[in-house]
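Here's the structure, in structure tokens; my notes come after.
Throughout, a chain's letter reflects where its sequence line sits, starting with A, and its residues are numbered from 1.
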Amino acid sequence: MGRIGGTGMTDLIFYALSALAIWSGWRVFRVDSMIRATFALMVSFISVGGIAVLMSADYIGVATVFMMAVEMMVMGLFMVMFMMNPAGLNPMQMVHQYKFSIGAGIMGFVGLTTAVLLTNFPDNPLPENRDTLRDLGIELLGGSMLIFETAGVTLLATMVGAVALSSRRGRFGDSDVGAAPPGLHPGGEPAGRKVEKGGGHGGHGGHGGHQMMAEKTKPNSNDDPHEGHGNMPEMEA
Amino acid sequence: MLTLAILIPFIGAMTLAFMPKIERETARIIAVGTSSLSFLLLLVVWAQFDTGAGAPAFQALTEIEWIPSLGVAWRVGVDGMSLALSLMSGVLFIACTAWPMENPERPRAYYAWFLFLEAVSLGLFLVLDLLIFYVFFDLSLVGMFFLIGRWGHEGSQRAAFKFFIYTLAGSLAILLAIIGLVLSVDPITFDMRALIEAQPLAGMDLRGGLILLGFVVGFAIKAPLFPVHTWLPPAHVMAPGPASAILAGVLLKMGTYGLVRIPFQMMRETFADYALPLAIIALASIIWGAVVALGQTDMKRRIAYTSINHMGYTVMGIAAAGALLNGSEGAREMALTGAVVEMVAHGLITGALFLIAGGFWTRSKTYELDAFGGLANVAPRMTVAAVIAAFASLGLPGLAGFVAEVQIFVGTFAVFPWIAAIGLLGILITAALFLRLLQQVFFGDLPKAREGFPDVGLREGTVLAALLSLVILIGVYPRWLLDLIGSASSAMIGG
Amino acid sequence: MMLWLLPLVPILAGAIIATLGDRSRLSLGIMTVATLGTTLLLALLGVSQDWTATLVWTDVIRLSAAFVPVSAAVAIMVPTVALAVVFHATQNESKSGLARLIGLMILFTGGMELVVVANDLLTLLIGWELIGACSWALISHKWRKLDNPQSGLYAFVVTRTGDLGLFAALMALFTATGSFDYAGIQSLGGPLQWIVGFGILFSAASKAGQVPFSPWLFRAMAGPTSVSALLHAATLVAAGAYLVARLHPQLAEVPGFEATAIAIGLTTALAGGITGILQNHAKRLLAASTSAQLGFMFVAIGAGYPSIAVLHMIVHATFKAPLFLSAGIAGDAAGTYRLDRLRLGRELPVVAALTIIAIAGLAGLVGSGGGWSKEEIIKASEHTGFWLALTVMAGGALSAIYATRFQLLAYGRRDKDADSRATSAPGWVALIGIAALTMMTLTLSLLWFSPVAETAAAALDTTLPKGSTLVFGLSLLFVFTGIAIGVYLVRYHPALGATGPAAIASDWLGLPKLIDIVLVRPADAIAVAAARMDDRVVDRGIRGTAACGDWLARTAAKADDRVVDRGVRGTAVFGDWLARVGNRFGEAITDGIPEASARLTDMIGQDLRRLQTGLSHHYYAYIIGGVFAIFAILVVGA
Amino acid sequence: MPIGDLAPEIAIIVAAVFALLFAALAPRRLQAGSAIIALAGIAVALALLLLQLGETRFTFSGTWALDGASLWARVMILLATGFCIMLSPDWFRTDPRHGEYYAILMLAALGAMTMAGAGDLLQLVIAVLLSSVTGYTLAAWHRDWALSVEAGMKYFLMGALANALLITGIVLILGLLGTSGYQDIAIALKLGKGLSPLLFVGFAMTITGVAFKLGAVPAHAWLPDVAEGAPVPSAAFLTVVPKIGAAIALARVVQLVPPEFMNLRELIAVLAVTTMTLGNLAALRQDDLRRLIGWSSVAQAGYLLMAITVLGLSPNALTALLAFVASYAIGNLAAFSVVAHLRGRTALGDYDGLAVRQPVAAAALVIAFLSLVGIPPTVGFFGKLTLFITTIEGGFLWLAVVAAANTVVSLYFYAHVMGRVYFGTPTGDVAVLGRLSGLAVWVAAIALLLSVIPVETALSVFDMSRLLPL
Amino acid sequence: MTLTAILIVAAALFGIGLFGALSQKSFVMLMMGLEMMLNGTLLAAVGFWAFTLEGAPKGQLLAVLVMAVMAVELAIGFALVVAVYRKRQADVIEGIGTMKQ
């Protein structure tokens, strides 16, 4: 197994990184503060990046680390900008359908693990002296050029879209002005249901009761999830 | 020629729909005119129709390619059965458009829908392509849906919905069955003549049975037969009189016509296997329709239920004709002829009855039998018309219904004696219920509220007289009709 | 083809006259004479030329008409009698709707002619049902009173029930032979033959008012008197007997046919006779007598002498029609049909005289046409068995009783101290019809001359039965006994009939008490009788007979009224109930299935819609659940 | 690199970029000019597409499939997009920035086109991503309208999870089969390689991911929300165009799997039944027209899956798929065009007696609904007809029966709307949007009726189409 | 370090992410859950690349695509979060439950 295989050291690092990735991943949803959650996620990503490097996917590993670092920064920024309680000053209960989620998570894990264990994988390991980075370059501009190009277009679209959705001011003044459907009668209100303002702030008063009633049955069954939510935010308002 | 007969009312409908400036009278004149024109064309076809023994089954053929990859084409042509039915429809449409509107709103659209329905109905009887048959079958639902919903009485929407949804369920069953049928020929074709020729399902038990089931369910809903008839009474009660007349007179026939044309003709063996159950269903309809009709207190509902009874006779005749019993060709042919005559006769008779009932609504906004009495005092002409129509409906000799029923019963007896024998009860009950209806409405004391009840006017009178004289003509000297229909039924039984 | 004219002329003319609207009596009379006269001429012409006709409907369905001797005779009789009756109607019936009445009566005659000339079952059925429908219209003639249409309905439904037999016969005949011709009936065998035979008999019995269908005849009295006259004499009722007579050659082979015919006829003759005796309603008495007389005809047919039956029918027509007409005149004059209130001999002497001629026939007196044909029937039945002849004689005696009663009560003279009633005797025009009919009856008395009778028999292509003198003597004895009893009854028990089952009158109460005394407390009666032995013996004998008869009649009437009538009514009620239940529950169920499935769909739809909570995490749950489910399906399939 | 094979797509990109630039430079009142650019781009792309007629091959190293299916799907996508563009200028008249809308719309169309043409799982992922990202934007375009942002957000949330699942699934498939090109996968599966629980997981996730684009169960929940909340032109677009691409994409994936290999077809059949039933039942009592159309388009996705079910079992499955997709697209677009023309009127109560006030719009709506039910002679009938034929031919009679029963259910709510439109009593006037949207209504209604005439042509060209990999 | 081990770790990460995506109210936290799922996917992709694909470049491309998906979704997601927050002052799932049924 080339560079990866054989040595106990690699294994050790792998297990350590794996443990770190999983633990920090778990912490993401257990900490009180979003900032901490962000950092935990970052740690998890970096661990995965490390594992990738271990597997001689240097480029991918490094890219992961960098990209995720940047991403997490952005995310942290958002926390500060918008979110209530960014620093975790107040303990908060920000989960719903908790038991179902736990169940689904465990089921997902167990199921995937079982599937993995039951599967005979083809054994075509990475050749010893493969220039993986060069491979990638050739692939991107060769066989998979179209995919790469489409990805480029996608990024363009993402940028345009993100700007269109989030810019505060544009060339014609406040971007929000006029960004609404035509009124049902000229100059009137648009058709459609009306929204109660000020709905749904997660931080308010800790809606501890938001946990979904444990969904014992399959979620697609007829059992009515609605009832679990006797007090939806907009209903209060 | 036939294409034109279909097209003319359609063009009339479009004219009415898209010309905003047309007044009510003009609209009616256009409607009557186009229906008459189309009827004239059918008469010409009839004049040229050869009923001789060696004549081809389908005549006046036209075929225009449409979707060759599916084997679909605009194919029109007539045999005796379809010609008779389309002629009857033509007459009834002229009558119904000439009849005064019951709810005088939006006359342009009203007559446009009538002409549309006429085009569709004639088309259904005249086409020889299963797909286009289905197209017209569905369109008839649409047309009737709007007529009932828009010009019907208070609360008619619900009835219209029920009618639409119920019968669409039936038509989808037919669609599936049609697909099953055409898929069993190679290459796929919707040509009725080719399918009749091919008898594609001979010897296929389960598949044939399923396809037959689809057809029977679909046509039974449309006909309608017990126990899938419950859409009919509300639809009739809520519909304006002329629409009821069309519904009962023409649209119900689509069910029985389809039953003959498709399963009966195209899958003879399978049909024969299931002829007895079908006859039993028909018998149930006969008895049930009559018995329930007797229990009605609403005039239109009562007439509506007799339709179920009469369609029961028709289907009984068809079932008997379809049983491939050896040695009874004569009887089976007679049963089939009777069934088709019943379609024609019922169309004219029930058409007249519903028009009369519609007249009651126009005059007094109710159908409750108890609300009337002694009308013979003030409306003798209406009484006469109602009496003739009622007697025709209960199968009195000398009137059209008898010619049909006697043939059905005689023919059926040879095949299913017990069913025919029990079915006779229907005749008796119908007699009682119609006489009681007459008695309740026309005889006895005239209630105060009805003292100003106007008799039928000139226009109504002419329409009724025309319909009823046809009924009498068929009853007394039906040879011209029987020749026409017999040419078809002998071909169907013999070939 | 010409033969079609025979039914067609009156049918068309009748239809036209019916729609003409009000016309004067004179013009209606002229029209009637013209129309029915033409019909009669056509009938004569047709018979003499032996016309036939066919009308092709299809290759297999041909309507055909032809004469056989029996039908020829009836074909002539019908318009003749009808002419007189209808003419009478034009002059005597109330003005309102008279044209319609006359038209329908003429139409009715035409329908009857169709029945008569029919040469196949289908044609027959057409005429058969047509006269049924006409009878409905005629009985309902005075439709403003709801009773009348109800009676019409009753009559029509009962007779149509009978028609089902004809339908069945028709179906069976065609199934067996592939045609409707009468000729085919002979070739039948097995159950189909049975169906044809009994179907026809059933049908005929219902029209002829035989037990158990008799009650409709009473209800039919709701129509105007002329209608009753026509109905009973020449058309509807007679059609029943005619049919069996006409088809006797074909049906005689059917096992049990003749015996059944005799049984029906005999039962009806006796029950009808007794009912007639007990009736206090003039028209109903006559109606019951019609049943009884037709019963005789059935017996004759059953005995194998259809021609005799036809002869009796003709004779019966000629005397029954004037009787009804006369009853109508009397009823009009007295304002009631209660026999015990009539006694119009003084006021209506001419009518009384005419009636006496007719009544002689009903009573079966020697010398009257009715008497002759009744004797022939007795002779005919003697061939089957003496007991039968005896029973028929008894029936004859009953006829004599009620005939006497009718005559004496209706046209007897009242006590001088009774109030004189202001009745105007009808003018001579009004009596032409009845007089003509009476003349016919008189003419038919000629049948007692054997050459005439032989000629008639020859015309009917038959020979007269030979009877023993003993039987003839006995029969005479019976008749005279009957008359005597009748006279006695009238004299001593004028109100006897008032206890008839259908009548409701105050003096009813007397007779039940009497019966009570006679039947329940015989000891008392014997004790009283000790003083005046003679008188009492006779008295008691007669009373006893009367009581017996009364009891029998009551039983019969009860059977008729309660059992049969209730049976019919019960069936109707049951049908009604079934209809209502069917309407309410059956329809609820049949409709409930689609409706309920619609509602269920709707409910599921509502529930499913609530799955769309608007909350994305639920949607997430659906997706994840979906992945699990899809995986599961894939695994299961692998 | 055979750039020519991508000519239509490039034309679209160029048009999108030009539209974007124009929007950035043009003054406010000329913003609608972008629409003209976009339409021009579509016209050019259509012309270029027709040059590809008859091609059946992979290009770009197997990542791009040029075949009849993708060709006609792309034609439909472009026509539908063009139609949505017709609705837009009037709708966005108040929005100063709507020039950019057309750029996004073009890119979204491109996303759908690349879905239809994807010949490689990776290409499929990125195509779905492109389509999704632009879709979110289109749905949330009315930033100042609460429902629109809610719709966009929900769409995004669903999409993010679905895409995560999709790519995970693809990772698994790729990992187990060693290739992502369809040709190679087909060969590998034919040889029975990699058959393992993990592969099932991979397929399960992939199908869920595509089902999201299709609006099928289990990832259907966004559709009614988008139909209700998104700007009507976007709603029209999003309920139609991505589905066209996704249908072809899913068809390709299903085609990869030999019928005897796993019961993928039965699975699709189950999804079809669930989807159509759910959609129809949920629409039953809907009192908001846009939402009703949304649910109905969930149901239509179920019908669409019928054709995919019998792919490879019936020779006409692809024809039926294309025919049905086309008929559905026309019907749905027509319905939305009416809604747009009526200024987004959506409460069913507001449609009472529409026939009196706006006869043309009412007629168009009714025809559209009749077409969606499948009542002849609208084009929807032929869609359903071919669908039923092919389903029965493919041996899935029960599926056809269920679908027929579903059609009956669907008639209930469609007829309910028709009833209101024609039998109701009108209240107040009905304002309309503008001439262009009125024209769109006319176009749609006429298309619904007249497309009956070229049915034969359509069916025969669809018949000649092939779906790669063969 | 075997493929199985890697995949199990990936499964664990995926499971945790799934839990997060299902259970978190806040949009941002929910997105973190999604990221976590993709994190697992990324690991699996690299694992496959290294152990079963002979280091075929497609594997790396796949990993890149996973990252692209992450980045793109995140970017547009944040834009939407901003838009929603601005219009509706909502930052949790429960805040956008207007459209239902």
Any [X] side-chain heavy atom under 4.5 Å of [Y] side chain:
X      : Y      : result
A:E139 : E:Q60  : no
E:F19  : A:F109 : no
E:P57  : A:I138 : no
E:I6   : A:F14  : yes
E:L22  : A:Q97  : yes
E:M36  : A:F45  : no

At a 4.5 Å cut-off on heavy atoms, which part of [X] comes close to chain E: side chain, backbone, both, or neither?
X      : result
A:I51  : side chain
A:Y59  : side chain
A:I106 : neither
A:L136 : both

Counting only heavy atoms closer than 4.5 Å, note whether [X] contacts chain A via side chain, backbone, both or neither.
X     : result
E:A5  : both
E:L74 : side chain
E:L65 : side chain
E:F27 : neither
E:A10 : neither

**Fill in**
Residues at least two apart in sequence or cross-chain that pass side chain to side chain donor-acceptor pair (under 3.5 Å) with A:S167, listed by chain then number, are A:S175
**Complete:** salt bridge (charged side-chain N to carboxylate O under 4.0 Å, His left out) pairs touching residues 17-26 of chain A, sequence neighbours excluded, are none
**Item:** Residues A:D123 and E:T52: side-chain donor-acceptor under 3.5 angstrom
**Value:** no
**Asked** Looking at E:V64, E:L30, E:L80, E:L43, which has the largest count of heavy-atom pairs under 4.5 Å with chain A?
**Response** E:L43
